[in-house]
Amino acid sequence: MKKPLVIFYFLIIYACAELTWWGVLLIRARPGKFAMICGELSVFLFVLLVGAYHLHKSINKQKQLQMRQKNFLLSVTHELKSPLASIKLFLQTMQKRDLDKEQRLNFLDKCLQDIERLDDLVENMLLATKIDSQTYTFPKEKINFSLLVDTVVNRLQINKCDCNQQLINAEIEPQVELMGDKFTLTSVVNNLIENAVKYSAPCEVVNVKLFRKDDEVHLTVADNGIGIADSEKLHIFDKFYRVGNEDTRNTKGTGLGLFIVKQVLDKHEASINIRDNRPKGSVFEVVFG
């Protein structure tokens, strides 16, 4: 236990002991006021203990936030370093070796993928900062949500296994329109699908569905990945929250994606629910009223 907490607990115990001792002295001096003294002492002790409880909760919350921020810095460092090192290696290879046209195009394509990854990371950090400081206004307009989802799916459709299968199976009802902020809703769809791909095995398919039902727009993203424990479902939309420790975690991420998703959907008066997929994985369902 760290020194500040030891001092905090010591002061609380000392204050309680002092109040009790002064109460005993007052009762001895004025035994006729026994009931009044006990009543006032009980009130003082109750207020003190309630205050100590809330202060203890605040200290623990601050410690958790500091730990999440530490993990965030570690993950961001990794997220920045990895694609930059990859881009540098590809460019150095192109500079030093005489490659044919097909190889150069392949290397350039991989560089562009890493640049898109960096761009997504920066966009998430900037958007999270604007949302947190309440400086983003969420300008809304009528948008073709079907086209938006289809565009994101095509961009993230990356083959990570040896077979030529589509990683993302999309069933998108055409011409689904809604009022919303195109930029932040793109971030929502991107984060949900990217998370599903990230936490799935290399050849596992992610299912994306967009459809209208009873005057509501439904978007579901289902994966067959590691799943989410019930105890974690209450916290996954918290800022910087990620399961485990950055030193041992294999999956990439900053803990900002689902925070942005929840904040943006709240601004659009939409709901998001998480349920377990069968036989494994998770399903995120977004409903626009």
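Everything quoted here is computed from the prediction, not taken from an experiment.
The shortest side-chain heavy-atom distance between Val283 and Asn273 does not fall under the 4.5 Å cut-off. Contact of the Glu194 side chain with the Leu192 side chain is not registered, since no non-hydrogen atoms from C-beta on lie closer than 4.5 Å. Considering only heavy atoms from C-beta on, Val205 stays 4.5 Å or farther from Ile168 through its side chain. Put simply, the side chain of Gln92 does not reach to within 4.5 Å of the side chain of Arg97, judged on heavy atoms. When side chains are defined from C-beta on, Asn106 does not count as touching Gln103, because their heavy atoms never get closer than 4.5 Å. With contacts defined as side-chain heavy-atom distances shorter than 4.5 Å, the pair Leu148/Lys182 qualifies. Contact of the Ile272 side chain with the Phe284 side chain is registered, since non-hydrogen atoms from C-beta on lie closer than 4.5 Å.
Residues Thr184 and Asp181 have side chains that bring a donor and an acceptor to within less than 3.5 angstrom of each other. Residues Gln113 and Asp109 bring a donor and an acceptor atom of their side chains to less than 3.5 Å of each other. For the residue pair Asn191/Asn124, the side-chain donor-acceptor check at 3.5 Å is satisfied.
Asn224 and Lys280 make their closest contact through O-CE, 3.1 Å (heavy atoms, listed as atom of the first residue, atom of the second, distance). In terms of heavy-atom proximity, Gly180 sits nearest to Leu185 at CA-CD1, 4.0 Å. Closest of all the heavy-atom pairs between Glu216 and Gly289 is CG-CA, 4.2 Å.
Atom CZ in Phe288 sits 9.0 Å away from atom CG in Leu210 (nearest 0.5 Å). For the atom pair Arg212 CZ and Gln175 CD, the distance stands at 10.5 Å (nearest 0.5 Å). Of the inter-residue distances, the one linking Ile172 atom CD1 with Phe145 atom CZ reads 9.5 Å to the nearest 0.5 angstrom. Here the CG atom belonging to Leu258 is positioned 10.5 Å from the CG atom belonging to Asp238, to the nearest 0.5 angstrom. With values rounded to the nearest 0.5 angstrom, Ser282 atom OG is found 11.5 Å from Glu232 atom CD. Atom CG in Asp266 sits 11.0 Å away from atom NE2 in His268 (nearest 0.5 Å).
Atom CG of Asp215 sits in a sparse spot, with 12 or fewer heavy atoms from other residues, nucleotides or ligands closer than 6.0 Å. Other residues, nucleotides and ligands contribute only 12 or fewer heavy atoms inside 6.0 Å of the CD atom of Glu102. Heavy-atom contacts from other residues, nucleotides or ligands closer than 6.0 Å to NZ of Lys267 number 12 or fewer. The local environment of NZ in Lys88 is sparse, with at most 12 non-hydrogen atoms from other residues, nucleotides or ligands closer than 6.0 Å. A 6.0 Å sphere centred on CD of Glu269 holds no more than 12 heavy atoms belonging to other residues, nucleotides or ligands.
A salt bridge is defined here as a Lys NZ or Arg NE, NH1 or NH2 lying under 4.0 Å from an Asp or Glu carboxylate O, and Lys209 with Glu285 fails to meet this definition. Using a 4.0 Å cut-off between a side-chain N of Lys or Arg and a carboxylate O of Asp or Glu, Asp114 and Lys110 do not qualify as a salt bridge.
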Candidate pair Tyr53 and Leu49, rule side-chain contact (heavy atoms from CB on, under 4.5 Å), full reasoning = CA-CA 6 Å; Tyr53 169 74; Leu49 291 174; over 6 Å; no

Kindly determine whether Val286 and Val189 satisfy side-chain contact (heavy atoms from CB on, under 4.5 Å), including the steps that lead there.
-> CA-CA 10 Å; Val286 177; Val189 178; over 6 Å; no

Taking it one step at a time, do Ile236 and Ile228 satisfy side-chain contact (heavy atoms from CB on, under 4.5 Å)?
-> CA-CA 9 Å; Ile236 60 172; Ile228 304 170; 4.0 Å; yes

Chi angles and distances behind the side-chain contact (heavy atoms from CB on, under 4.5 Å) call for Ile143, Glu177 = CA-CA 6 Å; Ile143 60 174; Glu177 297 181 334; over 6 Å; no

Dump the intermediate steps for salt bridge (Lys or Arg N to Asp or Glu O under 4.0 Å) on Arg104 and Asp98, then the final yes or no.
-> CA-CA 9 Å; Arg104 288 199 306 272; Asp98 185 19; 5.3 Å; no

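Listed by chain and number, the hydrophobic cluster partners of Val122 are Leu126, where partners are ILVMFWY side chains within reach of under 4.5 Å, directly or through others.
Residues passing the ring pair (Phe, Tyr, Trp, His ring centres under 6.0 Å) test with Phe237: none are found, sequence neighbours excluded. With sequence neighbours left out, the ring pair (Phe, Tyr, Trp, His ring centres under 6.0 Å) criterion links Phe211 to His218. Shown here are the ring pair (Phe, Tyr, Trp, His ring centres under 6.0 Å) partners of Phe138, two or more places apart in sequence or in another chain: Tyr136. Residues passing the ring pair (Phe, Tyr, Trp, His ring centres under 6.0 Å) test with Phe259, sequence neighbours excluded: none.
Ile131 pairs with exactly one of Thr129, Leu127, Thr135 by the side-chain contact (heavy atoms from CB on, under 4.5 Å) rule, that one being Leu127. When Asp150, Thr151, Val152, Leu156 are each tested for a side-chain contact (heavy atoms from CB on, under 4.5 Å) with Asn154, only one passes: Asp150.
Placement of Leu147 and Val176 in two distinct hydrophobic clusters is found when ILVMFWY residues are connected by side-chain heavy-atom separations under 4.5 Å, directly or transitively. Residues Ile115 and Leu91 share a hydrophobic cluster, clusters being chains of Ile/Leu/Val/Met/Phe/Trp/Tyr side chains in contact below 4.5 Å. Tracing side-chain contacts under 4.5 Å through hydrophobic residues (I, L, V, M, F, W, Y), one reaches Ile274 starting from Leu265; they form part of the same cluster. Transitive grouping of hydrophobic side chains (ILVMFWY, heavy atoms separated by less than 4.5 Å) keeps Leu112 and Leu99 in distinct clusters.
Checked by atom type and distance alone, the side chain of Asp223 never pairs as donor or acceptor with a backbone atom of Ser200 at under 3.5 Å.
Within the structure, every pair that satisfies the salt bridge (Lys or Arg N to Asp or Glu O under 4.0 Å) test and touches residues 118-134, not counting sequence neighbours, is listed here: Asp120-Arg155, Asp132-Lys239.
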